Structures are given as C-alpha cells and as structure tokens.
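Here is the structure we will look at.
Every value quoted in this text rests on a predicted model; they were computed, and no experiment measured them. Residue numbering restarts at 1 for every chain, and letters A, B, ... go by the order of the sequence lines.
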Amino acid sequence: MFKAPRGTSDILPQEKAYWRYIEEKAVYLCQLYGYQPLNTPVFEDYQLFAHIAPDGADIIKEMYVFEDRSGQKLALTAEGTAPICRAYLEHGLFNLPQPIKLYYIIPAFRYERPQAGRYRQHHQLGCEAIGDADPALDAEVIELMYRFLSSLGLSGLFIEINSIGCRQCQPDYVEALKKYYSAYRDRLCPACKIRLARNPLRLLDCKEVSCQEIITGAPKITGYLCSECQTHFQSVQKYLTELGISYQLNHRLVRGLDYYTRTVFEVKPEGKGVQIALGGGGRYDNLIEELGGKPTPAVGFAAGIERIIIALKNQNVIVPTLPKPVAYVACLGTQAKLEATKLVSRLRHQGIAAIQATGDKSLKSQLRQANSLDVKYTVIIGEKEVANETAVLRDMSSGEQKTVPLSEIASLLEKR
RNA sequence: GUGGGCGUAGCCCAGUGGUUAAGGCGCCAGGUUGUGGCCCUGGAGAUCGUGGGUUCAAAUCCCACCGCUCACCCCA
C-alpha cells in the first residue's frame with residue numbers, strides 16, 4: 001500500500017476545520033493591515049535560495065533539489081521570503097508607491113527528520129513589507145503577527161526581539177565574538193567549534209549546558225550596534241511599547257537565515273516541554289539587492305500553520321466546525337428516487353446544501369446516514385408521496401414531521 | 001545527520017513462543033409491514049509495518065529496512 005511520503009501528511013476534513021479557521025483569520029487581518037495576497041510557485045530556480053544562507057547551511061542542504069527535463073536545476077520552495085522578493089523584482093513592484101505589503105500562505109519543503117512541529121512539507125503564513133526602512137513597519141509586522149496568533153485564541157504568547165545590526169556594524173560584533181570565543185575554543189561543544197568557524201552568531205543559540213557559561217560572558221550585540229541601528233532598534237521598541245505589545249529583549253536571539261539585518265523576532269507559546277516558535281521574522285535590508293535589485297529595505301514574518309494547530313490543540317481552543325449539509329433526501333422506490341434527484345438539484349440551486357440518498361438502502365439506514373451527517377432536516381419521498389406530489393419533512397432534532405407539497409419543500413427549508 | 005521509544009483491522013488497544021489473534025469505537029444488516037439518535041442481535045473487516053533469520057512451532061526472540069514518535073541539530 002502507498003503511504004504519504006515521510007514528513008508529509010494528508011489533511012482530513014476534521015483537521016481542515018483548523019485550517020479554515022486559521023486562514024479566515026489570516027485573510028481578514030492581512031487585508032485589515034493593508035497586505036495583499038501574492039502566491040509564488042512551489043518550485044523556483046535553485047539559485048534563488050542560494051542567497052538566503054551560506055553554502056554549508058542546513059537549510060541549503062535540506063532543500064529538495066531536482067532537475068527538470070530540460071536540465072534546469074530547481075528547488076521546492078524552502079521558505080517564502082526569497083520568492084516574494086523575486087516576484088517583487090520580476091513584476092517591477094518597486095514602481096508602485098512604497099512600501100509594498102504582501103502576504104501568502106504557501107507550502108514550504110525541507111528534507112529534515114520529522115518530529116512534532118517539523119515536517120518535510122509544512123505551510124507558512126508570511127507577511128512582507130518591502131521598500132521602506134521605517135521602524136514603524138517593524139513594529140507593524142510584529143503587531144500583525146502577534147494579533148493574528150492571539151486572535152486565534154492562543155494565550156501565553158511571548159515575543160522576543162533583538163537587533164543583529166547591519167553590514168556596517170555586524171562584522172565588528174562578529175569579530176569581537178570570535179575573539180572572545182577563541183579563548184574558550186577547547187571547551188566548546190563540537191557543534192560550537194563548527195559554528196565558530198562558519199556562523200559565529202549562532203554560537204549564542206547553543207543549548208549545550210557546557211556552553212551556557214561561555215555564552216553568558218559573551219559580548220552582547222547591542223553594545224556593538226552602529227548609531228543608525230541603535231536608533232532604529234530603539235524606535236522599534238518605542239513603537240511596540242506605544243502599541244501595547246509586550247516583548248522581551250533577547251540578545252541571544254539570532255536567526256538562521258542569512259538575509260536578516262537589524263530587527264529579528266520570534267513568538268513562542270508558553271508552556272512546558274519544548275517551546276517551538278510559532279512564527280518569526282525580521283528585517284532583511286540586503287536581500288533584494290543581493291537578488292539583483294536596487295538596495296531595498298524590507299521586513300516580514302512567517303508563521304507555521306501546522307505549529308499553530310498544535311498549539312491550538314494543546315490549549316484546547318475550540319474551532320468552528322465545517323458547515324454541515326442542511327437536508328438529506330431519502331426515498332423509497334424508483335419513481336421516488338427520480339423525484340428525490342430533482343428535489344436535491346433544486347435545493348442546491350437555491351443554495352441549500354443537500355445530500356441525496358444513493359444506493360438501495362432501507363429507509364432505516366437512510367435515516368441512520370442522515371443522522372450521522374448531522375443534518376437539520378430529512379425529506380422522505382415514498383410511493384404515496386410521489387402519487388400525491390408531496391414529501392415528508394422531518395425535523396431531525398425534534399423528530400417532528402409533516403407532509404407538505406413537494407413544490408414547497410425548497411421554500412420551507414430556505415426560511416429556516 | 002545523531003540518539004531513545006514504538007509499529008496488531010479505518011481508530012483505540014489485549015495478547016511476550018504453541019490449536020480458528022481477544023475486546024471497544026466506528027462501519028454494515030436485522031429487531032415484521034415506509035423512519036435516525038439509546039438498547040439488543042448478527043456480520044464484514046488483520047498478509048500481526050516489510051524482508052530475512054533462530055525454532056518442531058513466532059504477533060511474541062534476533063537482524064535489516066521502512067514508518068511513526070520524542071530529544072538533539074535546525075527551523076515555521
């Protein structure tokens with residue numbers, strides 16, 4: 001038997017209730033904040049993603065890379081920001097008044113070992129504000145992300161923010177960090193030895209007990225920010241405070257993707273066990289230039305839909321169920337079935353969700369099915385009703401029923 | 001990529017070497033003549049994840065692979 005590939009899953013109707021709920025909230029809030037939908041393809045030129053992280057980075061190694069029949073090297077979308085920037089450039093969106101605000105819900109693919117909240121195909125809601133360096137946008141994006149998650153009914157969310165500087169000041173900090181760490185080289189965990197050489201900022205993120213002490217004494221990036229970055233970061237914080245968004249400064253927060261500059265942030269749910277980030281993002285003022293555009297500042301976030309669903313379940317948030325059919329049309333006999341078929345069609349044309357009994361089931365089993373479908377009404381058409389051009393309309397919760405003219409069924413149901 | 005736990009019908013699960021693999025949920029059909037939800041009765045549904053091995057005999061022991069899961073790594 002075939003199974004869904006590892007790290008992927010089918011989303012069954014019951015699960016879809018969560019998706020509907022999340023997507024509706026997302027679409028509503030995004031338009032409320034002035035973000036417009038833009039969808040990018042599920043695969044892109046492989047080279048597009050080469051810009052989001054250094055060569056040896058995991059996210060590059062974890063990409064689904066393949067060649068199509070023409071030999072072009074492609075990759076399944078690994079994250080949403082680079083494709084959005086590509087589309088921004090490709091369609092000349094920089095010619096419109098800036099900033100451009102876009103959102104998307106797309107699948108993203110990473111070949112990694114699956115576990116809770118980490119899948120080979122997952123889905124992200126992302127929002128990007130491109131073309132303006134205003135710290136008010138950083139705050140707006142953070143507020144939007146926070147509001148989105150809390151409006152879903154999630155509680156205990158906490159936001160962490162940090163600034164990782166810009167091309168001017170970050171290198172100074174990285175130097176200082178390297179210098180500090182080189183004194184402890186032999187005490188570092190194996191992973192950190194690699195980080196020291198390859199991606200020193202990630203040293204701060206290490207969870208190894210033996211490295212904690214070293215991290216504590218490490219220089220903090222906030223001490224190395226250039227005056228512009230400092231001012232920017234302070235403004236972001238001021239805006240957040242004014243907006244009533246509470247946040248925690250975490251000078252150890254760095255993000256895995258290469259393109260981030262200045263503001264970075266994450267949202268996590270409180271609770272025991274691992275705290276996986278529901279969403280994260282930051283400013284990426286260099287990415288568009290790296291992709292071949294003019295220097296263009298931008299800021300955005302992405303939230304993981306599957307992770308949000310996990311959090312909703314953990315917190316026992318009740319989500320609205322998917323709509324149920326209103327009427328079930330049962331029938332007895334060939335002639336009745338014909339009438340039932342016509343009635344169901346008429347009901348549907350009038351916007352009344354209706355289900356027709358199919359097969360040759362007994363009335364008993366038809367009603368059983370109606371019951372399990374949780375319909376409000378069952379319409380029963382038998383020999384007698386066919387002869388009289390009537391139908392029995394049964395209210396499934398009260399069990400009351402009456403015989404009415406067939407032609408009136410639709411309008412009777414419409415009123416309820 | 002590293003390490004731990006697990007893998008019995010659609011779902012939950014009993015069964016740790018020996019006749020036709022148990023139960024619950026769900027599903028299907030009945031409980032007289034055209035009526036659901038409760039109850040009762042019956043039925044269908046399992047190559048016991050896959051492939052090897054040990055043994056007279058394996059769902060039960062061993063190995064490999066696959067998958068699930070948890071932690072690490074990384075990330076949404």
Does the cation-pi check pass for R262(A) over F233(A), that is, NZ or CZ under 6.0 Å from the six-membered ring centre and within 45° of its axis? no

Please measure how far the [atom1] atom in [N] lies from the corresponding atom in [M], and state the result in whole Å.
N: U32(B); M: G24(B); atom1: C1'; answer: 31 Å
N: A46(B); M: C6(B); atom1: P; answer: 27 Å
N: C73(B); M: G67(B); atom1: P; answer: 23 Å
N: A29(B); M: U54(B); atom1: P; answer: 49 Å
N: A44(B); M: A22(B); atom1: P; answer: 12 Å
N: G49(B); M: A76(B); atom1: P; answer: 37 Å
N: G1(B); M: U8(B); atom1: C1'; answer: 32 Å
N: G45(B); M: G10(B); atom1: P; answer: 12 Å

Who are the ring-ring contact (aromatic ring centres under 6.0 Å, His included) partners of Y28(A), not counting sequence neighbours?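 Here no residue qualifies.
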
Mind checking ring-ring contact (aromatic ring centres under 6.0 Å, His included) for Y119(A) and listing every partner two or more places apart, or none if nothing turns up?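 Per chain and number, Y119(A) pairs via ring-ring contact (aromatic ring centres under 6.0 Å, His included) with no residue.
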
State whether the side chain of [X] and the backbone N or O of [Y] hold a donor-acceptor pair below 3.5 Å, judged by distance alone.
X: E385(A); Y: G382(A); value: yes
X: S182(A); Y: K179(A); value: yes
X: T261(A); Y: D285(A); value: yes

What's touching nucleotides 65-68 of chain B from the protein side, N or O pairs under 3.5 Å?
| unit_1 | atom_1 | unit_2 | atom_2 | d |
| --- | --- | --- | --- | --- |
| C68(B) | OP1 | G7(A) | N | 3.3 |
| C68(B) | OP2 | R6(A) | NE | 2.8 |

Watson-Crick or G-U counterpart of [N], or none if no pair lies under 3.5 Å:
N: G43(B); result: C27(B)
N: U2(B); result: A71(B)
N: C61(B); result: G53(B)
N: A21(B); result: none

Here the side-chain hydrogen bond (donor to acceptor under 3.5 Å, both in side chains) pairs for residues 150-159 of chain A, sequence neighbours left out, are S155(A)-Q315(A)

Donor-acceptor pair (no angle test) under 3.5 Å: [X] side chain, [N] base:
X: Q366(A); N: U35(B); answer: no
X: Q115(A); N: C72(B); answer: yes
X: E62(A); N: G1(B); answer: no
X: N371(A); N: G37(B); answer: no
X: R394(A); N: G36(B); answer: yes

5'-most by nearest nucleotide on RNA chain B - H123(A) or M396(A):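 By nearest-heavy-atom nucleotide position, the 5'-most residue is M396(A).
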
Between residues 297-306 of chain A and RNA chain B, which residues have a heavy-atom gap below 4.0 Å?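 A302(A), A303(A), G304(A), in order of number.
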
Just to be sure I understand the geometry, which residues of residues 319-344 of chain A put a non-hydrogen atom under 4.0 Å away from RNA chain B?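 Contacting residues: L332(A).
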
Please list, chain by chain and in numerical order, all residues satisfying side-chain contact (heavy atoms from CB on, under 4.5 Å) with I11(A), sequence neighbours excluded.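 Result, side-chain contact (heavy atoms from CB on, under 4.5 Å) vs I11(A): E15(A), K16(A), W19(A).
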
What pairs with K61(A) under salt bridge (Lys or Arg N to Asp or Glu O under 4.0 Å), at least two apart in sequence or on another chain? D58(A)

Touch class at under 4.0 angstrom, heavy-atom based, for R110(A) against every strand present: base

Base, sugar-phosphate, or nothing: which does G126(A) touch, judged by heavy atoms less than 4.0 Å apart?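 G126(A): no heavy atom of the nucleic acid under 4.0 Å.
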
Write out all pairs satisfying ring-ring contact (aromatic ring centres under 6.0 Å, His included) with one or both partners inside residues 172-200 of chain A, taking only residues at least two apart or from two chains.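 ring-ring contact (aromatic ring centres under 6.0 Å, His included) check on residues 172-200 of chain A returns Y173(A)-Y224(A), Y180(A)-Y184(A).
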
Tell me which nucleotide among C75(B), G36(B), G34(B) gets nearest to the side chain of R202(A). C75(B)

How would you list, by chain and number, every residue that makes a side chain to side chain donor-acceptor pair (under 3.5 Å) with Y33(A), sequence neighbours excluded?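 Checked Y33(A) against side chain to side chain donor-acceptor pair (under 3.5 Å); matches are E143(A), R147(A).
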
List in chain and number order the residues that pass side chain to side chain donor-acceptor pair (under 3.5 Å) with E62(A), two or more places apart in sequence or in another chain; answer none if no residue qualifies. none

Are OP1 or OP2 of A29(B) and a side-chain N or O of S365(A) less than 4.0 angstrom apart? yes

Sort and list the pairs that fulfil salt bridge (Lys or Arg N to Asp or Glu O under 4.0 Å) and have at least one residue in residues 149-173 of chain A, not counting sequence neighbours.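 Pairs touching residues 149-173 of chain A that pass the test: E160(A)-K268(A), R167(A)-E289(A).
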
